There are 2 protein chains.
Amino acid sequence: MQTWTRSPLPILPRDAIKVACSQCNLHEICLPLGLTERELDQVDTLVMARRTIARGDAVFRAGTRFSGLYAVRSGFFKTRSISDDGRDHVTGFQMAGELLGLDGIATGEHGCDAIALEDSTVCPIPYDRLDSIAREVPGLHLGLHKIMSREIVRDHAVMQLLAGKRAEERVAAFLLSLSQRLRQRGWSPSSFLLRMTREEIGSYLGLTLETVSRTFSKLHEDGILEVKQRQVDILDEERLRHVARPGAD
Amino acid sequence: MQTWTRSPLPILPRDAIKVACSQCNLHEICLPLGLTERELDQVDTLVMARRTIARGDAVFRAGTRFSGLYAVRSGFFKTRSISDDGRDHVTGFQMAGELLGLDGIATGEHGCDAIALEDSTVCPIPYDRLDSIAREVPGLHLGLHKIMSREIVRDHAVMQLLAGKRAEERVAAFLLSLSQRLRQRGWSPSSFLLRMTREEIGSYLGLTLETVSRTFSKLHEDGILEVKQRQVDILDEERLRHVARPGAD
DNA sequence: CGTCGAATTGACTTACATCAATGAAGGTGG
DNA sequence: CCACCTTCATTGATGTAAGTCAATTCGACG
């Protein structure tokens with residue numbers, strides 16, 4: 001059924017398809033954010049092809065050479081890294097319009113694995129070409145700076161959450177963050193399917209899978225959520241907000 | 001005694017002194033990292049003056065307009081932000097050669113307070129000038145990207161630590177990180193004075209000040225550290241490493 | 001229908017927080 | 001110079017949120 005996505009251009013990999021940022025409905029939240037039409041045309045030469053990633057597969061793995069970033073075109077990812085003592089840790093979840101691989105610029109090697117949690121597509125963005133095109137499109141640098149800066153802000157928020165919040169607050173904040181990002185993309189912010197396991201949520205939030213599960217049950221008992229396996233329905237966003245930030249009024 | 005640092009140029013603020021990156025002994029770890037002599041000369045026009053910050057004062061505060069970054073020239077800082085629910089949290093400690101303010105690029109507002117923990121000096125780097133100079137010095141963009149990327153990598157390491165490690169491991173990792181950064185700067189990595197309180201360490205590591213104190217005592221009892229108030233002497237770095245990453249070999 | 005990974009729930013343990021008292025260091029003013 | 005105060009650090013006693021271990025249950029898939 002989807003055979004039309006398969007290489008009309010025999011030179012490219014089978015799963016690649018030519019695509020332009022200017023035509024992409026994500027360009028308002030993705031890298032080309034805030035560029036003019038003219039500038040967008042130049043950026044179009046950047047992203048040559050899409051790559052499809054099957055559920056469970058990696059876009060890149062920790063330790064491999066960094067050659068560029070990947071914009072999530074569709075689907076859902078987790079990034080995970082193995083810590084010095086062998087335990088592994090989920091550092092984030094990424095959805096359409098978000099960038100993978102920012103942590104590789106520093107060292108020239110990817111610092112984590114980027115794993116697809118469902119069948120997904122990404123737009124590879126070669127870093128050297130990005131850099132040279134950005135010389136003619138100054139807004140592109142600003143855009144990238146902003147994206148990296150936003151990542152830092154987000155990480156700080158997560159650090160705050162891990163350092164200071166209790167299990168219930170963490171889980172509530174996590175759900176609200178998902179909800180808000182879904183809303184931005186035009187999907188339902190109150191009814192959605194979790195793409196990750198309880199264990200992956202727990203790893204991200206610094207909790208065990210049992211605690212995550214119990215917390216979902218608790219929020220359910222309290223009438224704030226409907227949870228059935230991976231299906232989540234937020235019944236009372238206001239109270240969920242309240243759970244996430246106790247003490248604030 | 002230090003009056004010679006005070007404005008030989010009456011136009012500048014009293015505590016400002018003209019300074020060049022090319023003459024700065026920090027340019028190997030600071031922003032101009034990896035630039036040629038020629039390029040450095042151009043960058044010299046960027047940083048016009050130093051600013052001194054008294055202990056306890058802020059370089060900038062959360063919510064104020066972002067106008068640029070600040071390179072720590074000397075001294076020691078903490079960054080702290082107030083979370084949505086009113087508690088405050090230390091997001092990092094910065095020493096000579098490190099940049100303050102990266103999280104402000106995203107929103108155009110500073111996301112945290114940057115407080116001097118001892119009398120310090122910073123080099124203000126106006127963002128718009130940085131951006132325009134970077135057009136002629138491409139390495140500067142790469143440098144900034146690398147610095148931001150490194151910040152992301154570090155934040156992920158902290159997240160890992162907060163999510164997965166126990167008190168003793170956190171404190172050990174914290175001391176090792178300090179030690180390593182001191183070594184990079186040519187100071188003693190094994191004998192140093194902590195610039196922050198137990199409470200600030202605790203806030204950063206997601207622990208109470210009591211737990212931090214107890215953990216120091218424990219490491220002392222085990223013969224790994226000498227700790228007397230703020231003075232720390234690492235007696236056995238190898239074992240400290242071992243405490244920080246249990247289970248690894 | 002049986003198998004397997006994921007999720008839920010319960011009983012028990014523990015690492016760390018909380019509460020509280022005491023002790024050192026450093027700065028200020030008489 | 002010493003007495004005083006404030007801030008920071010240490011140490012102990014007790015409480016609790018979340019981890020651990022273990023048993024079911026649920027759903028998806030072959």
Side-chain angles (χ1 to χ4, degrees), chain A residues 54-56 76 78 87 89-90 115 117-119 161-175 193-222 225-233 243-244 246-247, chain B residues 54-56 76 78 87 89-90 115 117-119 161-175 193-222 225-233 243-244 246-247:
Chain A
R55 175 184 167 159
F76 205 93
K78 70 171 175 184
R87 285 175 289 201
H89 176 242
V90 173
I115 312 280
L117 295 180
E118 59 181 327
D119 292 350
L161 180 140
L162 291 172
K165 291 190 184 272
R166 295 176 313 101
E168 208 181 5
E169 309 168 32
R170 296 187 200 183
V171 171
F174 169 72
L175 289 173
L193 211 57
L194 296 173
R195 261 55 228 228
M196 69 296 279
T197 66
R198 302 291 190 259
E199 185 167 22
E200 286 160 340
I201 297 173
S203 171
Y204 180 61
L205 295 178
L207 302 169
T208 59
L209 66 98
E210 291 96 329
T211 300
V212 173
S213 180
R214 273 186 252 269
T215 305
F216 278 142
S217 301
K218 171 72 163 31
L219 292 171
H220 174 65
E221 282 167 35
D222 293 350
L225 295 181
E226 198 68 54
V227 208
K228 204 187 272 176
Q229 305 285 124
R230 303 259 178 123
Q231 174 64 40
V232 171
D233 291 78
V243 171
Chain B
R55 175 185 166 156
F76 204 93
K78 70 171 175 184
R87 285 174 291 199
H89 175 241
V90 173
I115 314 280
L117 295 181
E118 59 181 329
D119 292 352
L161 181 142
L162 291 170
K165 292 190 184 271
R166 294 176 309 103
E168 208 181 5
E169 310 169 29
R170 295 187 203 185
V171 171
F174 169 72
L175 289 174
L193 211 57
L194 295 173
R195 260 59 224 225
M196 69 295 280
T197 66
R198 302 290 189 260
E199 186 168 21
E200 286 161 339
I201 297 172
S203 171
Y204 179 62
L205 295 178
L207 302 170
T208 58
L209 66 97
E210 292 95 330
T211 299
V212 173
S213 180
R214 274 186 250 270
T215 305
F216 278 142
S217 301
K218 172 73 163 29
L219 292 171
H220 175 66
E221 282 167 36
D222 293 351
L225 295 180
E226 199 68 54
V227 208
K228 204 187 271 174
Q229 304 287 126
R230 304 259 179 124
Q231 175 64 41
V232 171
D233 290 79
V243 171

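Note that this is a predicted model, so its numbers are computed, not measured. Residue numbering restarts at 1 for every chain, and letters A, B, ... go by the order of the sequence lines.
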Peer 1: Give the rounded distance in Å between these two atoms: NZ of B:Lys165 and P of C:dC16.
Peer 2: 13 Å
Peer 1: Atom NZ of A:Lys218 to atom C1' of C:dT9: distance rounded to whole Å?
Peer 2: 16 Å
Peer 1: Which is true for A:Gly202 with a 4.0 Å heavy-atom rule: it touches a base, it touches only sugar-phosphate, or it touches nothing?
Peer 2: nothing
Peer 1: Could you work out which one of D:dT10, D:dG27, C:dT9 sits closest to the side chain of A:Gln229?
Peer 2: D:dG27
Peer 1: Are any side-chain N or O atoms of A:Arg170 and backbone N or O atoms of A:Leu205, one a donor and one an acceptor, separated by less than 3.5 Å?
Peer 2: yes
Peer 1: Is the phosphate of D:dA9, meaning OP1 or OP2, less than 4.0 Å from a side-chain N or O of B:Ser213?
Peer 2: no
Peer 1: Side-chain N or O of A:Ser217 less than 4.0 angstrom from OP1 or OP2 on C:dT8?
Peer 2: no
Peer 1: Is any side-chain nitrogen or oxygen of B:Thr208 closer than 4.0 Å to OP1 or OP2 of C:dA17?
Peer 2: yes
Peer 1: Let me know the distance between CD of B:Glu226 and P of D:dT10, rounded to the nearest Å.
Peer 2: 12 Å
Peer 1: Just the rounded figure in Å: distance from C1' of C:dT8 to CG of A:Leu194.
Peer 2: 15 Å
Peer 1: Any donor and acceptor pair, going by atom type alone, linking the side chain of A:Thr215 with main-chain N or O of A:Thr211 inside 3.5 Å?
Peer 2: yes
Peer 1: Could you tell me whether A:Leu209 contacts a base, only the sugar-phosphate backbone, or nothing, with contacts defined as non-hydrogen atoms closer than 4.0 Å?
Peer 2: base
Peer 1: Kindly say whether, by distance alone, the side chain of A:Glu210 makes a donor-acceptor pair under 3.5 Å with the base of D:dC21?
Peer 2: yes
Peer 1: I want to verify a distance call: between C:dA25, C:dA7, C:dA15, whose nearest atom is closest to the B:Arg166 side chain?
Peer 2: C:dA15
Peer 1: Nearest whole Å is fine: how far is D:dT20 C1' from A:Arg87 CZ?
Peer 2: 15 Å
Peer 1: On DNA chain C, check which nucleotide each of A:Arg214 and A:Arg230 is closest to and give me the residue with the more 5' one.
Peer 2: A:Arg230
Peer 1: Does some side-chain heavy atom of B:Lys78 sit less than 4.5 Å from a side-chain heavy atom of B:Arg195?
Peer 2: no
Peer 1: In whole angstrom, give the distance that lies between atom CZ of A:Phe216 and atom P of D:dC26.
Peer 2: 19 Å
Peer 1: How is A:Thr197 classified with respect to the nucleic acid when contacts are heavy atoms under 4.0 Å: base, sugar-phosphate, or nothing?
Peer 2: sugar-phosphate
Peer 1: May I ask you to say whether A:Glu169 pairs ionically with A:Arg166, meaning some side-chain N is under 4.0 Å from a carboxylate O?
Peer 2: yes
Peer 1: What is the distance from CZ of A:Arg55 to P of C:dG5, rounded to the nearest Å?
Peer 2: 13 Å
Peer 1: Would you call B:Glu118-B:Arg230 a salt bridge at under 4.0 Å N-O?
Peer 2: no
Peer 1: Starting from P on D:dT11, measure out to NZ on B:Lys228 and report it in whole angstrom.
Peer 2: 13 Å
